[in-house]
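In what follows, a structure is listed as structure tokens, so that the remarks can point back to it.
Each ligand, and each atom within it, is numbered from 1 in the order the structure gives. Residue indices begin at 1 and follow the sequence shown.
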Amino acid sequence: MQSSDNGSRERGRFITFEGGEGVGKSTQVRHLAARLGAFHISAVQTREPGGTPKAEALRSFILRGSPESWGVGAEAVLFAAARLDHVNELIAPSIAAGKWVICDRFADSTRAYQGLTGGVDERLIDALEVLALNGQRPDLTIILDMEPETSFARIRKRAQAKGEAADRYEREDFEFHRRLRDNFLSVAENEPERCVVLAADTDEEGLAEVIWTIVKARFPELAEAEQAV
Ligand code: TMP
């Protein structure tokens with residue numbers, strides 16, 4: 001935890017991971033939190049949809065496929081409702097308390113899945129972002145990019161190992177996931193100062209190292225923390 005000269009606590013940072021299915025976001029969230037921990041920086045690891053009891057309840061409802069019949073616009077609203085609680089109850093208070101927050105998916109997922117891929121009007125997506133984020137934009141977004149063929153092989157392997165069935169988004173066809181991939185890339189193109197796209201079809205440790213280099217370069221306070229370790 002960092003303190004400013006006058007003794008008041010500084011704000012933490014907010015980093016999000018985005019990308020299609022099975023690209024390794026959760027693993028990289030854990031790697032980054034561990035590296036920050038080694039610098040004595042307390043990092044909250046969280047995910048979307050979810051992260052708070054209310055948002056986790058919405059997660060089960062959405063991922064079981066219950067809102068499918070309501071249409072993709074209503075789904076975008078549900079993701080935003082979960083996000084609003086997550087931001088207000090966990091993300092914003094943690095950052096205000098000087099903690100770093102690392103989140104597995106955030107608002108770019110709604111834009112890529114429900115907006116650009118699902119066809120929900122951009123104006124609704126923009127309005128939901130204003131509502132749910134409440135000004136809490138990520139400082140850095142890492143988009144993990146991979147050919148859908150490769151990520152699908154990973155998903156199948158993971159589901160088999162755990163004896164689990166794929167969730168409804170994982171069951172969508174390749175064409176959906178190809179478009180999704182392109183749409184995440186266009187999200188990154190629109191906000192190059194916030195988003196970094198990384199090829200994720202590489203070894204886990206190597207990718208974690210690349211991410212750490214990017215994070216250290218982005219946040220100067222980490223250079224100070226490095227001196228203190
Ligand atoms: P996960 O598999 O990364 O835990 O994410 C759950 C699923 O929810 C994933 O298929 C992507 C989807 N999703 C959306 O469609 N819109 C969103 O806003 C979020 C956060 C997730």
request  = Give the single entry among His177, Gln114, Lys25, Glu75 that approaches atom 16 (N) of ligand 1 most closely by any heavy atom.
outcome  = Gln114
task = Please find out if less than 6.0 Å separates the ring center of Phe106 from that of Phe14.
result = yes
key: Part of Glu48 with heavy atoms under 4.0 Å of ligand 1, whether side chain, backbone, both or neither   = both
task = Check each of Thr117, Leu63, Leu128 against atom 8 (O) of ligand 1 and report the one with the nearest heavy atom.
result = Leu63
request  = Return yes if some donor-acceptor pair links the side-chain N/O of Thr117 with the main-chain N/O of Ala112 below 3.5 Å, else return no.
outcome  = yes
query = With atoms numbered from 1 as shown, which atoms in ligand 1 lie under 4.0 angstrom from a non-hydrogen atom of Ser109?
reply = 16 (N), 17 (C), 18 (O), 19 (C), 20 (C)
message = If we set the cut-off at 4.0 Å for heavy atoms, which region of Glu21 has an atom near ligand 1: side chain, backbone, both, or neither?
response = side chain
query = Quick one: does ligand 1 sit under 4.0 Å from the side chain of Ile62, the backbone, both or neither, non-hydrogen atoms only?
reply = neither
task = Would you kindly specify which portion of Arg59 sits under 4.0 Å from ligand 1, judged on non-hydrogen atoms: side chain, backbone, both or neither?
result = side chain
inquiry  = Between ligand 1 and Arg83, can you find any atom pair, the residue atom being a heavy atom, that is separated by under 4.0 Å?
reply    = yes
ask   = Could you go step by step and tell me if Arg83 and Thr110 meet the side chain to side chain donor-acceptor pair (under 3.5 Å) rule?
value = CA-CA 10 Å; Arg83 181 161 304 126; Thr110 306; 2.9 Å; yes
inquiry  = Is there a polar contact, in the sense of an N or O pair closer than 3.5 Å, between Asp104 and ligand 1?
reply    = no
Validation row, ring centre Trp100 to ring centre Phe39 under 6.0 Å = no
query = Within a radius of less than 6.0 Å around NZ of Lys216, do more than 12 heavy atoms belonging to other residues, nucleotides or ligands occur?
reply = yes
inquiry  = Please enumerate all residues that pass salt bridge (charged side-chain N to carboxylate O under 4.0 Å, His left out) together with Glu129, with sequence neighbours excluded.
reply    = Arg111, Arg137
